[in-house]
S.K.: 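Can you keep this structure in mind? I'll have questions shortly.
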There are 2 protein chains.
Amino acid sequence: MDTKSYNRELPTLQDVAREARVSTATVSRTLNFPNQVTEATRLRVMETVRALNYTPNFSARALAARRTNTYGAVIPTMENAIFARGLEAFQKVLVANGATMLVASSSYDPQIEEDQIRNMIARGADGIVLIGNDRKPEIYRFLEERQVPVIIAWTGSSLAGRSCVGFDNVAAARQLALKAISLGHRRIAFISAHTVSNDRARDRVAGARAALRDAGLDADAMPLVETKYSIQCGQDAFATIMAADPKPTLVMCGNDVLAVGAIKAAQEMGLDVPGDVSITGFDDIELATIVSPALTTVHVPHRQMGRLAAEMLLAEVRDKSEPRQINLETHVVERQSLAAPRDQG
Amino acid sequence: MDTKSYNRELPTLQDVAREARVSTATVSRTLNFPNQVTEATRLRVMETVRALNYTPNFSARALAARRTNTYGAVIPTMENAIFARGLEAFQKVLVANGATMLVASSSYDPQIEEDQIRNMIARGADGIVLIGNDRKPEIYRFLEERQVPVIIAWTGSSLAGRSCVGFDNVAAARQLALKAISLGHRRIAFISAHTVSNDRARDRVAGARAALRDAGLDADAMPLVETKYSIQCGQDAFATIMAADPKPTLVMCGNDVLAVGAIKAAQEMGLDVPGDVSITGFDDIELATIVSPALTTVHVPHRQMGRLAAEMLLAEVRDKSEPRQINLETHVVERQSLAAPRDQG
DNA sequence: ACCGAAAATGTAAGCGCTTGCATTTTGTAT
DNA sequence: ATACAAAATGCAAGCGCTTACATTTTCGGT
């Protein structure tokens with residue numbers, strides 16, 4: 001008894017060709033370049049395709065054509081609305097262009113990121129989008145060797161003429177800090193994501209420092225706590241910061257999630273936000289409008305970055321277009337968590 | 001002048017074989033079944049691999065081996081913490097097993113979902129996870145023909161002996177509703193996601209109805225508004241519901257996002273939650289703990305589903321294990337948005 | 001009707017890998 | 001030493017598609 005008797009093979013291009021009484025080349029052309037084929041042939045072939053319920057084998061196609069029509073994205077985490085949103089937009093564009101997305105998350109771990117990148121390349125990604133600039137030079141070397149187009153997202157500047165689509169993290173944070181300073185804040189503390197191998201986080205801190213410097217304050221004295229990405233971590237960091245003396249009148253946070261944690265912690269400590277202490281975020285995710293008080297934060301064009309990244313990647317691969325550097329606008333969204341400090345002293 | 005002079009070809013298995021003075025078969029075995037090869041050979045081959053900086057070509061491998069080691073997930077949307085979380089867990093397991101994840105989102109559109117499923121199969125996904133049972137029978141037929149293992153997630157029951165990993169949406173919603181009824185609620189309204197081709201949403205409504213019936217109330221009279229998935233939609237739906245007379249004392253929502261919208265709307269209408277009206281959610285995402293009042297909701301084991309889905313898929317593909325149906329526990333998380341109604345009349 | 005260019009189609013050589021089978025090497029028991 | 005099974009390796013035939021090049025068909029102009 002043949003145990004796998006029902007494992008009938010799938011129809012191949014050959015089968016279609018035989019059935020439609022044309023060569024495999026013609027079938028291939030009908031599928032890939034319909035306009036290179038007579039209307040009659042096209043109809044006949046398509047009919048056969050339908051009749052046999054044929055689906056092309058992408059591996060074979062990729063092997064023969066030497067491109068996979070697949071694009072990768074390696075992001076720090078999917079559990080974060082901002083990246084998820086960007087991804088969703090990224091994939092929409094790809095699908096609209098008949099391409100497929102490969103995703104991997106690195107959990108903010110450079111080693112995992114490297115593995116994932118190599119894996120995507122091995123799987124034949126035609127192009128790849130990465131978040132931020134910070135990574136070992138050998139990774140970039142590897143990518144160049146393989147001649148795989150790369151887009152750096154989430155930052156408006158990149159090195160070595162690489163493509164990027166993002167915004168100026170320094171400027172955005174600086175603008176927010178300046179606004180706070182103009183409201184009278186002088187003692188500003190910062191809760192940041194870990195800045196090692198995270199240029200976005202570093203830039204945001206730098207932006208705050210720059211604003212302090214602009215105002216003639218001691219930027220280096222700014223209390224800074226680095227922590228992981230979660231509400232709980234934001235809470236803990238806030239507690240650490242408020243243990244200092246004198247306490248800051250404003251705690252800036254490197255992202256909204258940390259800020260929400262900070263607000264929670266403040267409220268648990270019986271502090272009024274923004275009465276006793278102001279808190280700001282960065283990203284403008286949904287959470288920012290839900291938390292009470294609603295978060296004053298920096299709006300970041302997540303979807304737009306995802307969309308543009310896909311378009312740029314497709315252009316570079318399909319039209320051999322030149323790398324571009326796109327710097328998008330951000331703006332401060334004023335809500336309720338930032339106000340003038342109560343004690344101006 | 002050769003314009004692509006710098007397009008040096010990547011090393012292939014052949015190159016490694018020649019360099020290491022073995023056959024391609026041996027290199028292949030060294031890479032895939034190291035224990036079928038002498039220690040000495042293995043070392044020599046691996047050394048050569050490193051020296052040439054060789055990476056296997058997955059398309060070729062997939063074509064020859066007739067499996068891609070790739071697993072797909074088609075989810076309604078990535079912009080939703082619950083699916084994102086599940087995905088993250090799904091991918092972690094895959095990566096730990098040397099496999100890759102393909103993701104696609106359908107935007108809750110059955111047609112897009114179908115296209116995405118077919119696309120994944122064409123791309124050679126070795127297995128696939130789908131959310132919920134509702135879809136055209138021909139899709140299931142297609143999948144069976146192709147003999148691709150499928151896992152239905154987000155629901156604890158499936159038809160035709162298909163594998164699933166999830167929970168009982170009816171029972172979970174019923175339990176929550178019963179709790180509310182025991183608090184004294186009699187006039188209960190429901191805001192649901194669209195129930196067409198969404199069995200999870202339908203089941204949750206059914207659960208609420210079942211509870212009403214248990215309590216001897218008229219389940220069919222329960223006001224029901226169906227809407228899309230967003231905070232704004234939740235707000236609008238809440239307004240619609242509260243325009244009725246008599247107003248409900250409890251508005252149950254099919255998910256946390258809608259519930260947050262409902263709370264927002266209530267507050268904008270000057271209604272106290274839960275004083276004037278109770279509101280419940282479903283999912284227990286982060287948002288639920290942030291919104292004020294914090295949401296009483298049903299906790300759903302998102303990560304666990306993702307993890308188990310991956311494990312089951314791998315087992316079915318690699319070990320030919322039998323389909324399984326896994327029904328996970330859920331539980332009501334009591335926070336502040338549900339309380340006894342003020343007017344018991 | 002005939003010619004030549006352009007359009008359509010066919011031929012067949014791979015793409016880089018896996019794997020069944022054949023062959024060689026190794027290890028063990030005599 | 002010798003015989004033999006088991007382990008390691010090699011040989012070579014594909015996997016299903018694309019595409020350069022060769023061949024045939026079509027069609028406008030005469």
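Numbers restart at 1 for each chain; the letters A, B, ... are given by sequence-line order, proteins then strands. What you see below is based on every heavy atom in this structure, not just the backbone, and it leaves out hydrogens, waters and symmetry mates.
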S.K.: Heavy atoms from C-beta onward define the side chain here; which of dT18(C), dT18(D), dT19(D) lies closest to that of L13(B)?
M.R.: dT18(C)
S.K.: Quickly work out the R67(B) CZ to dT18(C) P distance and round it to whole Å.
M.R.: 12 Å
S.K.: Does the side chain of N69(A) pick up a donor-acceptor pair with the side chain of R318(A) at under 3.5 Å?
M.R.: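 Yes, R318(A) and N69(A) have a side-chain donor paired with an acceptor closer than 3.5 Å.
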S.K.: Assess the side chains of R61(B) and N32(B): does a donor N or O sit below 3.5 Å from an acceptor N or O?
M.R.: yes
S.K.: Looking only at side-chain atoms of S28(A), point me to the closest of dT9(D), dT9(C), dT19(D).
M.R.: dT19(D)
S.K.: Regarding E88(A) and R85(A), does a basic nitrogen lie under 4.0 Å from an acidic carboxylate oxygen?
M.R.: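 Salt bridge absent between E88(A) and R85(A).
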S.K.: Can you measure Y54(A) atom OH to dG16(D) atom P for me and round it to whole angstrom units?
M.R.: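 In whole Å, dG16(D) P lies 10 Å from Y54(A) OH.
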S.K.: Go through dT11(C), dT19(D), dT9(D) for me and flag the one nearest to the S23(A) side chain.
M.R.: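 Nearest listed nucleotide: dT11(C).
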S.K.: If you measure from the Lys or Arg side-chain nitrogens to the Asp or Glu carboxylate oxygens, is any gap between D15(B) and R18(B) under 4.0 Å?
M.R.: yes
S.K.: When all nucleic acid strands are considered with a 4.0 Å heavy-atom cut-off, which category describes T41(B): base, sugar-phosphate, or nothing?
M.R.: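 Sugar-phosphate, backbone atoms only, no base.
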S.K.: dT11(C), dG16(D), dT18(C): which one has an atom nearest the side-chain heavy atoms of N32(B)?
M.R.: dT18(C)
S.K.: Can a side chain N or O of T26(A) be found less than 4.0 Å away from OP1 or OP2 on dG10(C)?
M.R.: yes
S.K.: Is R42(B) paired with E39(B) through a side-chain N to carboxylate O contact shorter than 4.0 Å?
M.R.: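 R42(B) and E39(B): salt-bridged.
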S.K.: Any luck finding a side-chain donor-acceptor pair between R123(A) and T100(B) under 3.5 Å?
M.R.: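 Checked: R123(A)/T100(B) side chains pair up, N/O donor to acceptor below 3.5 Å.
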S.K.: Return the value, rounded to whole Å, for the distance between atom CD of Q14(A) and atom P of dT18(D).
M.R.: 12 Å
S.K.: Taking OP1 and OP2 of dC15(C), is either one under 4.0 Å from a side-chain nitrogen or oxygen of N57(B)?
M.R.: no
S.K.: Any base atoms under 4.0 Å from A65(A), or only sugar-phosphate, or nothing? Heavy atoms, all strands.
M.R.: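 Sugar-phosphate, backbone atoms only, no base.
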S.K.: V22(B) has a side chain; which of dC17(D), dG10(D), dT11(C) sits nearest to it?
M.R.: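 Taking heavy atoms from C-beta onward, the closest nucleotide is dG10(D).
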S.K.: Measure CD/E39(A) against C1'/dT9(C) and give the value in whole Å, please.
M.R.: 17 Å
S.K.: Rounded to the nearest angstrom, tell me the gap between atom CZ in R146(B) and atom C1' in dG16(D).
M.R.: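 Atom CZ in R146(B) sits about 14 Å away from atom C1' in dG16(D).
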S.K.: Can you tell me which nucleotide in dC17(C), dC21(D), dC11(D) comes closest to the side chain of R29(A)?
M.R.: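 Within the option list, the nearest is dC21(D).
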S.K.: What is the distance, to the nearest angstrom, from the CG atom on L63(A) to the P atom on dT18(D)?
M.R.: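 It works out to 11 Å between those atoms.
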S.K.: Under 3.5 Å for both distances, Watson-Crick or G-U wobble, that's the pair rule; now give the dot-bracket for DNA chain C, with | marking pairs to another strand and [ ] for crossing ones.
M.R.: ||||||||||||||||||||||||||||||
S.K.: To the nearest angstrom, how far is F33(B) atom CZ from dG20(C) atom C1'?
M.R.: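 It works out to 13 Å between those atoms.
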S.K.: Using a 4.0 Å heavy-atom cut-off across all strands, classify T38(B) as base, sugar-phosphate, or nothing.
M.R.: sugar-phosphate
S.K.: Do P110(B) and K136(B) have side chains that approach each other closer than 4.5 Å (heavy atoms only, starting at C-beta)?
M.R.: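 No, their side chains stay 4.5 Å or more apart.
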S.K.: Using a strict cut-off of less than 4.0 Å between a Lys/Arg side-chain nitrogen and an Asp/Glu carboxylate oxygen, indicate whether R324(B) and E311(B) qualify as a salt bridge.
M.R.: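 Answer for the salt bridge query: no.
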S.K.: How do A64(B) and Q36(B) order along DNA chain D: which one's closest nucleotide is nearer the 5' end?
M.R.: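 Closer to the 5' end of DNA chain D: Q36(B).
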S.K.: Which comes earlier along DNA chain D counting from the 5' end, the contact point of R66(B) or that of N35(B), where each point is its nearest nucleotide?
M.R.: N35(B)
S.K.: Take atom CZ of F58(A) and atom C1' of dG16(C), then tell me their distance rounded to the nearest Å.
M.R.: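 In whole Å, dG16(C) C1' and F58(A) CZ are 19 Å from each other.
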